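Reading through the C-alpha cells given below for one structure.
Keep in mind that this is a model prediction, so the values were computed, not measured.
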Amino acid sequence: SYDGRDDGSLGDRRYVAAELLAEMDGGEDVDLAKADVFALGASIYEMASDERLPEAGPAYHDLRAGKGALPRRLPHDLAQLVAAMIHPEPAQRPS
C-alpha cells in the first residue's frame with residue numbers, strides 16, 4: 001500500500017496504474033503486485049507499439065479505461081496478455 005509520502009517514488013505516471021494514483025488522493029488501498037503488472041503491461045505495450053505512451057489527454061485516459069487499441073504487430077496471444085495486464089480492474093489482471 002502507498003504510504004502517502006510524495007517523494008517521487010511512483011516514477012513516470014505513464015506506467016502507473018490508475019488505482020495507485022487514486023490512492024494518493026485518498027482512495028482505497030492498492031494491491032501493489034497488480035499495480036506492478038499494469039506497469040509491466042504498459043511497458044510491453046509501449047515497446048510493441050514503438051511509440052511513447054501518452055502522458056495526458058484522451059489517449060492516456062482511454063488506455064487506463066481499457067479502450068486503447070493494442071499495437072497490431074503483437075501476436076494474438078501476447079496482445080491478449082497485454083490487454084489483461086493493463087485491465088482497468090486490478091482483480092482482472094494476471095498475478
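Taking each heavy atom of Gly41 and Val82 in turn, the nearest pair found is O-CG1, 3.8 Å. Between Pro88 and Gly66, the shortest heavy-atom contact is CG-N, 3.9 Å. Heavy-atom minimum distance, Ser49 versus Pro71: CB-CG, 3.5 Å. Leu70 and Ala79 get closest at one heavy-atom pair: CD1-O, 3.1 Å.
Listed by first and then second residue, the side-chain hydrogen bond (donor to acceptor under 3.5 Å, both in side chains) pairs that reach into residues 31-42 are Lys34-Ser95, sequence neighbours excluded. Identified under the salt bridge (charged side-chain N to carboxylate O under 4.0 Å, His left out) test for residues 58-71, with sequence neighbours left out: none. Counting only residues at least two apart or in different chains, salt bridge (charged side-chain N to carboxylate O under 4.0 Å, His left out) contacts with residues 69-89 are absent.
No side-chain donor-acceptor contact under 3.5 Å links Arg14 and Tyr60.
Side chains of Arg93 and Phe38 form a contact here, defined as non-hydrogen atoms less than 4.5 Å apart. Within the 4.5 Å cutoff, no side-chain heavy atoms of Pro90 are placed close to those of Val30. Inter-residue side-chain proximity for Leu53 and Asp12 is flagged as unmet; no heavy-atom pair is nearer than 4.5 Å.
By the side chain to side chain donor-acceptor pair (under 3.5 Å) test, Gln80 pairs with His76, sequence neighbours left out. Partners of Tyr15 by side chain to side chain donor-acceptor pair (under 3.5 Å), not counting sequence neighbours, listed by chain and number: Glu46. The salt bridge (Lys or Arg N to Asp or Glu O under 4.0 Å) search around Glu55 returns Arg52, not counting sequence neighbours.
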Next item on the list: List the steps, then state whether side-chain contact (heavy atoms from CB on, under 4.5 Å) holds for Val37 with Ile86.
Entry: CA-CA 7 Å; Val37 168; Ile86 62 174; over 6 Å; no

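The line from CG of Leu81 to CD1 of Ile44 is 6.0 Å long, rounded to the nearest 0.5 Å. Summarising the geometry, atom CZ belonging to Arg13 is positioned 11.0 Å from atom CG belonging to Leu20; distances are rounded to the nearest 0.5 Å.
In the hydrophobic clustering of ILVMFWY residues, with side-chain heavy atoms under 4.5 Å counting as a link, Met85 and Leu32 come out apart.
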